[in-house]
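Naming convention: chains lettered A, B, ... in sequence-line order (proteins, then strands); numbering from 1 in each chain. For clarity, every value in this text was computed on a predicted model and none was experimentally measured.
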Protein chains: 2
Amino acid sequence: MDLRKGKGASAPARAPGETAPGGAALPLAHRVTLNDIAAHAGVSRATVSLVLRKSPLVKEDTRQRIDQAMADLGYVYNRRAANLRSGASRTIGLVLCEIITPNYSQFTAGIDDVLDAESYVGFITNTAEDAARQKRVLVRMQEHGVDGIVLVPAEETRADALEEAHCGGLPCVLAQRRVEGFPADYVGPDYAAGMELVTEHLIGLGHRHIGFIGGVRRIAPLSERLRGFRKALRRHKLKIGPIVPCPVLDRSSGYAAARDLFAEENPPTALVCYNDIVAFGVMLALIERGLEPGRDVAVVGCDDVAEAGLHRPALTTFTTDPRVVGREAAKLLLRRIENPSRPPEQIIVPPRLIIRQSCGSAGPARALAHTTRPAPAVAATEAPKARRPRRPSPHALKGSAGT
Amino acid sequence: MDLRKGKGASAPARAPGETAPGGAALPLAHRVTLNDIAAHAGVSRATVSLVLRKSPLVKEDTRQRIDQAMADLGYVYNRRAANLRSGASRTIGLVLCEIITPNYSQFTAGIDDVLDAESYVGFITNTAEDAARQKRVLVRMQEHGVDGIVLVPAEETRADALEEAHCGGLPCVLAQRRVEGFPADYVGPDYAAGMELVTEHLIGLGHRHIGFIGGVRRIAPLSERLRGFRKALRRHKLKIGPIVPCPVLDRSSGYAAARDLFAEENPPTALVCYNDIVAFGVMLALIERGLEPGRDVAVVGCDDVAEAGLHRPALTTFTTDPRVVGREAAKLLLRRIENPSRPPEQIIVPPRLIIRQSCGSAGPARALAHTTRPAPAVAATEAPKARRPRRPSPHALKGSAGT
DNA sequence: AGACAGATTTAGATCGATCTAATTTTTCGT
DNA sequence: ACGAAAAATTAGATCGATCTAAATCTGTCT
């Protein structure tokens with residue numbers, strides 16, 4: 001409308017006049033400042049500032065007068081200006097390796113939960129797994145004066161790259177993925193515990209010969225998972241079954257690994273898979289061999305991807321609620337901002353087991369196709385619904401609850 | 001490295017005293033400023049500022065000296081300080097009604113694509129469909145001095161609430177959902193065109209008696225969709241088939257509506273559903289009646305939710321790539337920021353048809369269970385993969401392409 | 001050499017808040 | 001009523017950049 005019109009001689013400093021009682025959309029013709037409030041309320045700028053910061057120094061009477069003036073003039077706090085002087089910005093940066101993964105959007109939601117409660121705001125950016133882009137946005141965040149950063153590092157992020165992006169000097173919490181040699185705070189899922197959980201579950205169902213499929217040799221994520229797998233077996237004094245890594249973590253390499261494994265003699269009766277995607281491939285191979293997952297061979301995965309509950313048979317798996325991871329990450333970052341000198345902290349969020357049909361224990365494994373509802377061949381989304389009411393426990397193994 | 005150490009006597013300028021030498025965590029021992037650079041390079045602060053802004057006024061020689069100084073001292077631009085003086089912040093706010101919906105995370109990614117290219121950064125916040133929270137975060141964004149806002153309004157957002165949150169004075173683009181009476185820019189999917197598209201497709205397959213199921217009477221989204229539905233039928237001079245609204249947009253009301261419809265005489269041979277969820281319910285009802293969706297009756301949906309491709313039969317549907325909507329929204333906002341006085345613009349992003357089995361046209365409709373791959377009962381995720389290579393066309397019906 | 005235009009550079013005010021170090025006002029004991 | 005202590009308020013510097021207007025430094029032309 002009259003956006004460019006301004007309001008004639010704007011801002012006479014001592015006479016804010018009617019800012020815009022009639023103006024439908026008063027267009028920031030001289031955004032109202034502390035000086036305006038001060039003049040309107042007949043006090044000094046400093047006093048208004050004290051009111052803004054809820055200082056107990058101000059007399060109740062004056063405070064009300066100033067509050068009224070702010071309401072009258074439609075004041076909007078200018079945090080940038082405040083920040084310039086005071087340092088902190090109540091702003092953090094959230095740098096994600098990939099926005100569109102559902103996992104990360106829940107993670108983001110968890111972060112926002114905490115930030116909103118603490119009246120922080122977060123910048124969000126996507127690095128799309130690109131190290132150069134990551135560096136660029138990290139610097140950009142700092143230009144904007146964030147108080148700290150939550151970083152889900154792009155693949156192949158090197159510690160020195162983070163140092164170079166000045167993250168060494170800024171409170172920074174890594175989430176979901178670690179960066180070797182960068183001794184920062186970390187929050188992530190506990191894959192070892194999860195693997196232990198599913199393996200225990202299989203053992204509880206009577207399995208004694210359990211194999212493991214998937215994972216790239218010699219890298220941390222695999223050894224972490226194997227640790228949990230082995231731990232459960234060892235506890236029950238069972239032999240560690242065959243461990244078949246695959247070069248790539250997709251359906252087809254899961255398929256190939258399982259096919260090869262079942263071509264040998266005496267195959268396992270249960271398979272723990274590196275993740276859900278690999279598990280899907282594994283089940284494919286089993287079916288091809290005439291074996292029914294969930295009846296003839298138990299299969300479990302990890303991550304609880306969207307398809308897991310829709311698959312036939314629905315996949316037993318485990319996951320760490322990413323929203324909880326997000327919340328923990330945000331809380332940790334705020335603690336770190338509060339006190340930058342404390343030693344780095346690691347928060348490992350415990351997983352949650354999701355029992356479905358592929359391990360043969362949930363309900364009538366044979367009657368997969370017929371539920372109580374009139375849904376012969378339709379994949380009902382009962383799984384996600386069933387999970388929701390069960391609030392994930394936000395307990396972290398280490399680190400205080402904070403607030 | 002030596003980031004925390006400071007660098008000895010760094011630029012005492014006016015002798016601000018040691019900020020906090022004893023302080024447990026000396027907080028950024030005097031961040032490097034323009035003054036430091038100026039002193040180090042032997043020029044004035046103003047000249048350094050010119051270099052920062054890539055002014056052509058500075059001699060090449062000096063520019064290099066200054067660039068060198070910045071590199072030496074590890075300077076990080078302080079945009080907040082710059083903003084305070086110059087007004088614009090190169091920051092926008094993204095206010096979402098719900099972060100975790102996959103649709104919105106793609107939307108967010110689209111926004112980030114554009115922002116990153118223009119070296120903007122976006123704040124993100126979730127309103128969780130809560131009007132009070134929405135108002136709070138809108139104000140908070142402005143406190144932080146955003147140049148504009150992309151808002152996916154929470155349900156039941158009233159125009160006056162947005163005015164009250166001062167959004168009337170700030171560049172603001174609504175996305176995905178309109179707010180009646182708030183004459184702002186808008187970017188969203190073209191449901192009318194999508195409905196026309198699927199209806200045309202059904203007609204092309206030979207259907208002459210086509211019904212419509214779902215949608216709440218008397219609200220805009222339904223009438224928009226029906227417009228497209230009717231338009232296609234009228235173009236081919238076909239009778240408008242039965243239109244069955246449902247009170248709620250879920251699976252079971254789709255089920256009920258279809259059951260009732262097929263209890264009558266002479267039911268349609270094809271059904272256009274309000275959205276995918278309704279379509280799932282409809283297919284359930286058909287199957288229950290002994291009719292096979294995709295063979296006996298064609299069914300199409302809208303949205304392409306995750307289950308659509310995994311369903312048996314896989315659902316023919318249409319969707320508007322939310323990432324494209326995000327990109328258009330961001331571009332429009334930047335244009336608006338550039339020139340706040342132009343009249344409001346509406347950008348309607350065209351939809352894309354996704355042909356699967358439920359309309360009986362894609363591949364051998366009978367052989368649904370057996371694909372070329374050895375996957376008898378396994379829901380392969382081939383659908384989303386098949387879609388990806390086809391880059392969505394970012395053409396908008398109205399509004400110039402911008403950049 | 002002096003004038004003058006154009007190219008560079010700079011001093012100082014400024015953005016809108018906070019912070020420090022007062023100053024002014026009020027309260028209260030004696 | 002006086003002075004001291006406590007309470008309330010404030011002037012002015014400050015954060016780190018931008019911006020304006022002026023100053024300085026070229027080089028060219030007469």
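Nucleotide D:dC15 holds its P atom 11 Å from the CG atom of B:D36, rounded to whole Å. Going from atom CD of B:E143 over to atom C1' of C:dG16 covers 14 Å, rounded to whole Å. Between the CZ atom of A:R65 and the C1' atom of D:dT9 there is a distance of 11 Å, rounded to whole Å. Counting to the nearest Å, the P atom of D:dT14 and the CG atom of A:L84 are 14 Å from each other. C:dT26 atom P lies 11 Å from atom CG of A:D61, rounded to whole Å. As a whole-Å value, the separation of B:R31 CZ from D:dC15 C1' is 11 Å. The distance from atom CD of A:Q64 to atom P of D:dA8 is 14 Å, rounded to the nearest whole Å. Residue A:L57 contributes atom CG, which lies 8 Å from atom C1' of D:dA7 at whole-angstrom precision.
OP1 or OP2 of C:dT10 has at least one side-chain nitrogen or oxygen of B:S44 nearer than 4.0 Å.
Salt-bridge annotation for B:E143 and B:R140: absent, with no side-chain N of the basic residue lying under 4.0 Å from a carboxylate O of the acidic one. Taking the charged nitrogens against the carboxylate oxygens, B:E338 and B:R335 have no contact shorter than 4.0 Å, which rules out a salt bridge. Between B:R133 and A:D112 a salt bridge is recorded (basic side-chain N to carboxylate O distance below 4.0 Å).
Contact between B:I99 and B:N126 at its shortest, heavy atoms only, is N-OD1, 3.4 Å.
By the salt bridge (charged side-chain N to carboxylate O under 4.0 Å, His left out) test, A:R158 is found to be paired with no residue, residues two or more places apart in sequence or in another chain being considered. Residues meeting the salt bridge (charged side-chain N to carboxylate O under 4.0 Å, His left out) test with A:R45, sequence neighbours left out: none.
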Reading nucleotides 17-24 of chain D from 5' to 3' and marking B where a protein heavy atom lies under 4.0 Å of the base, S where only the sugar-phosphate is that close, and - otherwise, the string is BBB-----
